[in-house]
2 protein chains.
Amino acid sequence: MDHVDKILAQWRVEHPEFKLRAMGVLGRMSRLTTHLTQGLDQVFSAYGLNAASFDVLATLRRSGAPYALTPSQLMDWTMVTSGTMTNRLDRLQAQGLIDRKKSDQDARSVVVQLTPQGLDLINDSVTKHVANQNRLAAALNPEEQEQLDRLLAKWLAAFEAPEG
Amino acid sequence: MDHVDKILAQWRVEHPEFKLRAMGVLGRMSRLTTHLTQGLDQVFSAYGLNAASFDVLATLRRSGAPYALTPSQLMDWTMVTSGTMTNRLDRLQAQGLIDRKKSDQDARSVVVQLTPQGLDLINDSVTKHVANQNRLAAALNPEEQEQLDRLLAKWLAAFEAPEG
DNA sequence: TCAATATATCTTGACGTCGAGATAAAATGG
DNA sequence: CCATTTTATCTCGACGTCAAGATATATTGA
């Protein structure tokens, strides 16, 4: 009887006709996301980062040398709006973890690049982050993780399929 | 090859030694949560609400008549801090959907109650919300939803088990 | 009894996010 | 060639959230 079960039990009393299966799934996902977010933040904050700034640095890092992307490319990878990305980049630049220079190709555009300090920081932190993710997932055995991943992938495809 | 697969493919090039199963699961959960949040907001905004205010109204509604709880009880149900709850209640009160009165039992405490308008609004919107949840989950068949729910419940138990 | 501690709620300041709009430059098409 | 449309980025104001701290009241235990 976890928290979500208690919520469902209340609705069964107040609205016995409700079809609650999806509510259970979505409720557990939401609740789990809260716990996982807190778990991931433990590593981020140990490096003076948060999920937002880590996300940008990691996106630059995994794009490969020279660890440079435009704000638009970063927006595509991270699912945030342009105002949000500008704010993230401002803070990372103030921390000395990235720099911005005008693009040679397109005068409207900007190139965001990891600084040497930014590269060092993401190299260290991402290793800890991956270990932390595996720790957080360890409540499920490898088979269960595979099963879960398959179901999530199928569901996600409904939103990210090539045709929308 | 969804968005998360592309991220994993990049890491495999840059860090072939990373154990990426948990990253896949967490990444898909995160991405899915973003899409689901947007899907749920469509119903909320049709009623002049957002996820935060809906959450409070729904918690009061499913607690049963007289649809009254203290801010502390609401905090327990919704997993938010006291400052957040104060802010939510201020806005709901300004909208005329709840009222606050001093507790008879405990002079430190407050009783939050749905107004008649608040009750009408949550009664209408929660019905649409449940249908919307089932619509969003329909990419998985009932069996898959059950399977997913079982895995999520097991995982969630690691965070919400009686002993921590 | 009453001082120390715990509880309930609110306040404040900082931050991350979004949406709408501004600005500038590039691409398009007649 | 030039007007129109699209693209890239930034600005601004509003909002939701949190952490830390303030205030008032209740509970505990010596």
Side-chain angles (χ1 to χ4, degrees), chain A residues 30-31 33-42 44-45 48-59 68-95 97-113, chain B residues 30-31 33-35 37-42 44-45 48-57 59 68-95 97-113:
Chain A
S30 168
R31 194 105 184 155
T33 294
T34 300
H35 291 298
L36 293 172
T37 297
Q38 288 171 3
L40 297 177
D41 280 344
Q42 291 171 18
F44 300 150
S45 66
L49 299 171
N50 60 22
S53 51
F54 180 89
D55 196 16
V56 172
L57 297 182
T59 301
L69 295 170
T70 67
S72 290
Q73 291 174 310
L74 288 167
M75 285 162 56
D76 290 343
W77 279 112
T78 58
M79 269 185 115
V80 301
T81 62
S82 63
T84 296
M85 186 50 67
T86 297
N87 184 42
R88 288 184 178 188
L89 296 176
D90 286 348
R91 290 179 182 281
L92 287 168
Q93 192 168 24
Q95 291 178 269
L97 301 175
I98 60 157
D99 56 24
R100 282 192 266 206
K101 60 178 208 289
K102 300 226 145 210
S103 164
D104 294 336
Q105 328 298 325
D106 185 335
R108 294 169 300 181
S109 191
V110 167
V111 175
V112 177
Q113 184 170 27
Chain B
S30 167
R31 194 104 184 156
T33 294
T34 301
H35 291 299
T37 297
Q38 288 171 3
L40 296 176
D41 280 344
Q42 291 171 18
F44 299 151
S45 66
L49 300 171
N50 58 24
S53 52
F54 180 89
D55 196 17
V56 172
L57 297 181
T59 302
L69 296 170
T70 67
S72 291
Q73 291 174 309
L74 287 167
M75 286 162 56
D76 291 343
W77 279 112
T78 58
M79 269 185 116
V80 300
T81 62
S82 64
T84 296
M85 186 51 66
T86 298
N87 184 42
R88 288 184 179 187
L89 296 176
D90 286 349
R91 290 179 183 281
L92 286 169
Q93 192 167 26
Q95 292 178 269
L97 300 175
I98 61 157
D99 56 24
R100 283 192 266 208
K101 59 180 209 287
K102 301 225 146 212
S103 165
D104 294 337
Q105 327 297 325
D106 186 336
R108 295 168 299 177
S109 191
V110 167
V111 176
V112 177
Q113 184 171 27

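Atom set for the values below is all heavy atoms of this structure, side chains included, hydrogens, waters and symmetry mates excluded. Per chain, numbering begins at 1; letters A, B, ... match sequence-line order.
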Legend entry - Residue mapping more 5' on DNA chain C - nearest nucleotide basis, A:Gln105 or A:Arg88: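 Its nucleotide being nearer the 5' end, the pick is A:Arg88.
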Could you tell me how far apart [X] ([atom1]) and [N] ([atom2]) are, to the nearest whole angstrom?
{"X": "A:Asp106", "N": "D:dC10", "atom1": "CG", "atom2": "C1'", "answer": "15 Å"}
{"X": "A:Met85", "N": "D:dT11", "atom1": "CE", "atom2": "P", "answer": "15 Å"}
{"X": "B:Leu69", "N": "C:dA8", "atom1": "CG", "atom2": "C1'", "answer": "15 Å"}
{"X": "A:Lys102", "N": "C:dA26", "atom1": "NZ", "atom2": "C1'", "answer": "14 Å"}
{"X": "A:Leu74", "N": "C:dT17", "atom1": "CG", "atom2": "P", "answer": "13 Å"}
{"X": "A:Asp90", "N": "D:dT11", "atom1": "CG", "atom2": "P", "answer": "7 Å"}
{"X": "A:Leu89", "N": "C:dC15", "atom1": "CG", "atom2": "P", "answer": "17 Å"}
{"X": "A:Leu49", "N": "C:dC15", "atom1": "CG", "atom2": "P", "answer": "15 Å"}

Looking at [options], which one has an atom nearest to any side-chain atom of [X]?
{"X": "A:Ala52", "options": "C:dT9, D:dC10, C:dG16", "value": "C:dG16"}
{"X": "B:Thr86", "options": "C:dC10, C:dA26, D:dC10", "value": "C:dC10"}
{"X": "A:Val110", "options": "C:dA8, D:dA19, D:dT9", "value": "D:dT9"}
{"X": "B:Arg108", "options": "D:dC18, C:dT9, D:dT25", "value": "D:dT25"}
{"X": "B:Asn87", "options": "D:dT9, C:dT9, D:dG16", "value": "D:dG16"}

Legend entry - Sugar-phosphate only, base, or nothing, as touched by A:Ser82 at under 4.0 Å among non-hydrogen atoms: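 Here A:Ser82 touches the bases of the nucleic acid.
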Inset, instruction - Identify whether any heavy atom of B:Thr70 sits under 4.0 Å from a base atom; if not, whether one sits that close to sugar-phosphate; answer base, sugar-phosphate or nothing. - result: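 B:Thr70: backbone/sugar contact only, no base atoms under 4.0 Å.
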Legend entry - Exercise: do A:Ser53 and A:Asn50 side chains pair donor with acceptor under 3.5 Å: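 Looking only at side-chain atoms, A:Asn50 and A:Ser53 do form a donor-acceptor pair, the distance falling under 3.5 Å.
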Legend entry - Below 4.0 Å: OP1/OP2 of D:dC15 and any side-chain N or O of B:Asn50: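 No, B:Asn50 has no side-chain N/O under 4.0 Å of OP1/OP2 on D:dC15.
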Inset, instruction - Establish, with yes or no, whether the OP1 or OP2 oxygen of D:dT9 is under 4.0 angstrom from a side-chain nitrogen or oxygen of A:Ser109. - result: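 So the side-chain polar atoms of A:Ser109 do come within 4.0 Å of the phosphate oxygens OP1 or OP2 of D:dT9, strictly under.
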Inset, instruction - Please round to the nearest 0.5 Å and tell me the distance separating atom CG of A:Leu49 and atom CG of A:Asp55. - result: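 The CG atom of A:Leu49 sits 11.0 Å away from the CG atom of A:Asp55.
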Inset, instruction - Nearest 0.5 Å please: distance from the CZ atom of B:Phe44 over to the OG1 atom of B:Thr37. - result: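 Atom-to-atom, B:Phe44:CZ and B:Thr37:OG1 are 9.0 Å apart.
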Inset, instruction - Would you kindly check whether a donor in the side chain of A:Thr84 faces an acceptor in the base of C:dC18, or vice versa, at under 3.5 angstrom? - result: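 Flag unset: no donor-acceptor pair detected.
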Legend entry - Closest heavy-atom pair and its distance - B:Arg88, B:Val56: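 In terms of heavy atoms, the two residues are closest at CD-CG2, 3.7 Å.
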Inset, instruction - Could you pull out the closest heavy-atom pair between A:Pro71 and A:Met85, with the gap in Å? - result: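 Distance-wise, the nearest heavy atoms are O-CG, 4.0 Å.
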